[in-house]
Novice: 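Got a structure here, written out as structure tokens. Questions coming.
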Amino acid sequence: MNQELKITLDRKDRQKYIDELLAYDGLSHIRENPDAAYCPISLTQTPEAIKPFVLRRQKILGDVLNQAGIIAYDPSTAPFSPDTNLTSLPQEIYLVDSGKIVGARFFVGHNLMASTGFGVESEKATKLNRIAVILQDSRIRISRMQPDRTIYLQYSNFEEQASQFVKVFEMLTHYDPGMGLVGSEPVLVGFKKETGEAVNLEALVYETFPDLKFHYDGQQPTLRMDVVNPGLFYESASAK
């Protein structure tokens, strides 16, 4: 039985809700760009052996978003990238990236490892009612601890399927985000820009692009990564 969609944050109250949250964090000066996307990426703990693959998929994602008319922000190439800037303090990095999330309506990235590398950013994006889309490789098992009010899609070959994802984002640009409930389940709501019609945006994407809907498969392997410097534990213990 289909349950009715209950709106908990509509389009007219959304900005007031966001403004109140931003005031607590000192980010009231940042305005949301409805045509921009923050594209999170795992960097700090990503093994060198797989960084080329992660960065390649990030590059393709940027191309996909640009084709859909969305400006992609890539933290890996930004001045505050943890790979290239090792002198900035955590507070500074957190403030900069928080501002970038606030300034972009979309939050889109790949989840390839058991620990995403962007969990804090993901929670902030959903709390601030971004249109969050997380892409997952169907051959790699990841954590089941996944935020709600997020659209989860999968692929088997991202480069070959890129054109399908362009269509997804082209469709999403026609909606303003909100929040709702279906029964007790929190869902991402979309308000059609032309008519104001409210829909369960997650369900709409899955119905329109059923081949891309993410299906958890516990039989798939996880990425197995080695620690190359376990001596840090011994050094920490001996320092006590």
Novice: Do the side-chain N and O atoms of Tyr155 and Arg57 include a donor-acceptor pair separated by under 3.5 angstrom?
Specialist: yes

Novice: Identify the two heavy atoms, one from Thr126 and one from Ala132, that lie closest to each other, and give their separation to 0.1 Å.
Specialist: CG2-CB, 4.4 Å

Novice: Any side-chain heavy atom of Leu153 sitting closer than 4.5 Å to one from Phe214?
Specialist: no

Novice: Does the side chain of Ile70 reach to within under 4.5 Å of the side chain of Asp35, using non-hydrogen atoms?
Specialist: no

Novice: For the atom pair CG (Leu65) and CD (Gln67), what is the distance rounded to the nearest 0.5 Å?
Specialist: 9.5 Å

Novice: List the atom of Ile131, the atom of Pro177, and the distance in Å for their closest heavy-atom pair.
Specialist: CG1-CB, 3.8 Å

Novice: Between Tyr206 and Tyr152, is a ring-ring contact (aromatic ring centres under 6.0 Å, His included) present by the stated rule, with each step listed?
Specialist: CA-CA 9 Å; Tyr206 299 149; Tyr152 291 99; 8.3 Å; no

Novice: Starting at CG of Leu27, measure out to NE2 of His29 and round the result to the nearest 0.5 Å.
Specialist: 6.0 Å

Novice: Side-chain heavy atoms nearer than 4.5 Å, only ILVMFWY residues, links allowed to pass through others: does that put Ile30 and Leu22 together?
Specialist: yes

Novice: Could Asp25 and Lys124 be called an ion pair, given the rule that one side-chain N must be under 4.0 Å from one carboxylate O?
Specialist: yes

Novice: Could you walk me through whether Glu48 and Lys51 pass salt bridge (charged side-chain N to carboxylate O under 4.0 Å, His left out), step by step?
Specialist: CA-CA 5 Å; Glu48 292 297 326; Lys51 274 190 179 179; 3.4 Å; yes

Novice: Is Asp13 reaching over with its side chain to a backbone N or O of Leu9, donor-acceptor style, under 3.5 angstrom?
Specialist: no

Novice: If you measure from NZ on Lys6 to CG on Asn200, what distance do you get to the nearest 0.5 Å?
Specialist: 15.0 Å

Novice: With a 4.0 Å cut-off, would you call Glu159 and Arg56 a salt bridge?
Specialist: yes

Novice: For atom OH of Tyr216, decide whether the heavy atoms of other residues, nucleotides or ligands shown that lie under 6.0 angstrom number more than 12.
Specialist: yes

Novice: Do the side chains of Asp148 and Glu185 get nearer than 4.5 Å, heavy atoms only?
Specialist: no

Novice: Nearest 0.5 angstrom please: Phe158 CZ to Gln164 CD, how far?
Specialist: 10.5 Å

Novice: Would you say the side chain of Val133 lies within less than 4.5 Å of the side chain of Val168, judging by non-hydrogen atoms?
Specialist: no

Novice: Whether the Asp137 and Gln154 side chains hold a donor-acceptor pair (N or O, under 3.5 Å, no angle test) is what I'd like checked.
Specialist: no

Novice: How close do Gly178 and Asn129 get, counting heavy atoms only, and between which atoms?
Specialist: O-ND2, 3.0 Å

Novice: Would you confirm whether Arg31, through its side chain, and Ser28, through its main-chain N or O, come within 3.5 Å as a donor-acceptor pair?
Specialist: yes

Novice: Please walk me through it: do Arg130 and Glu32 pass salt bridge (charged side-chain N to carboxylate O under 4.0 Å, His left out)?
Specialist: CA-CA 10 Å; Arg130 307 295 101 169; Glu32 176 186 20; 3.5 Å; yes

Novice: So Met179 and Ile7, do their side chains get closer than 4.5 Å, heavy atoms only?
Specialist: no

Novice: Between Asp10 and Arg14, is there a salt bridge with N-O shorter than 4.0 Å?
Specialist: no

Novice: Can you find a pair of side-chain heavy atoms, one from Ser122 and one from Phe107, that are under 4.5 Å apart?
Specialist: yes

Novice: List the atom of Gly190, the atom of Tyr175, and the distance in Å for their closest heavy-atom pair.
Specialist: C-CD2, 3.7 Å

Novice: Do the side chains of Phe209 and Lys167 get nearer than 4.5 Å, heavy atoms only?
Specialist: yes

Novice: For the residue pair Phe106 and Cys39, establish whether any side-chain heavy-atom pair is separated by less than 4.5 Å.
Specialist: no

Novice: Does Lys127, at its NZ atom, have more than 12 non-hydrogen atoms belonging to other residues, nucleotides or ligands within less than 6.0 Å?
Specialist: no

Novice: Between atom NZ of Lys100 and atom CG of Asp74, what is the distance when rounded to the nearest 0.5 Å?
Specialist: 12.0 Å

Novice: Spell out, yes or no, whether Tyr17 and Leu128 are grouped together once hydrophobic residues are joined by side-chain heavy atoms under 4.5 Å, including indirect joins.
Specialist: yes

Novice: side-chain contact (heavy atoms from CB on, under 4.5 Å) for His110 and Leu61? Distances and angles first, verdict last.
Specialist: CA-CA 9 Å; His110 293 269; Leu61 175 58; 4.1 Å; yes

Novice: Is there a chain of hydrophobic side chains (I, L, V, M, F, W, Y, each step under 4.5 Å between heavy atoms) that links Ile60 to Ile41?
Specialist: yes

Novice: Pairing donors with acceptors under 3.5 angstrom, does anything connect the side chains of Ser138 and Gln220?
Specialist: no

Novice: I'd like to know if the side chain of Gln58 reaches the main chain of Val54, judged simply by a donor and an acceptor atom lying under 3.5 Å from each other, with no hydrogens or angles considered.
Specialist: no

Novice: Val189 vs Val199, test: side-chain contact (heavy atoms from CB on, under 4.5 Å). Steps then yes/no.
Specialist: CA-CA 6 Å; Val189 171; Val199 298; over 6 Å; no

Novice: Can you get from Val102 to Ile71 by hopping between Ile, Leu, Val, Met, Phe, Trp and Tyr side chains that sit under 4.5 Å apart?
Specialist: no

Novice: Answer yes if the side chains of Asn33 and Arg105 hold a donor-acceptor pair under 3.5 Å, and no otherwise.
Specialist: no

Novice: Does any N or O in the side chain of Arg139 come within less than 3.5 Å of the main-chain N or O of Ser156, such that one atom is a donor and the other an acceptor?
Specialist: yes

Novice: Could you check whether any side-chain N or O of Thr173 sits under 3.5 Å from a backbone N or O of Glu170, counting only pairs where one atom can act as donor and the other as acceptor?
Specialist: yes

Novice: Does the Gln15 side chain pair with the main chain of Lys12, one donor and one acceptor, at a distance under 3.5 Å?
Specialist: no

Novice: OG1 of Thr150 to CG of Leu201: how many Å apart, nearest 0.5 Å?
Specialist: 11.0 Å

Novice: Can you list the steps and then say if Gln136 with Ile134 is a side-chain contact (heavy atoms from CB on, under 4.5 Å)?
Specialist: CA-CA 7 Å; Gln136 303 182 141; Ile134 300 301; 4.1 Å; yes

Novice: What are the two closest non-hydrogen atoms of Ala37 and Val108, and how far apart are they?
Specialist: CB-CG2, 4.5 Å

Novice: Looking at Leu188 and Glu202, what are the two nearest heavy atoms and their distance?
Specialist: N-OE2, 2.6 Å

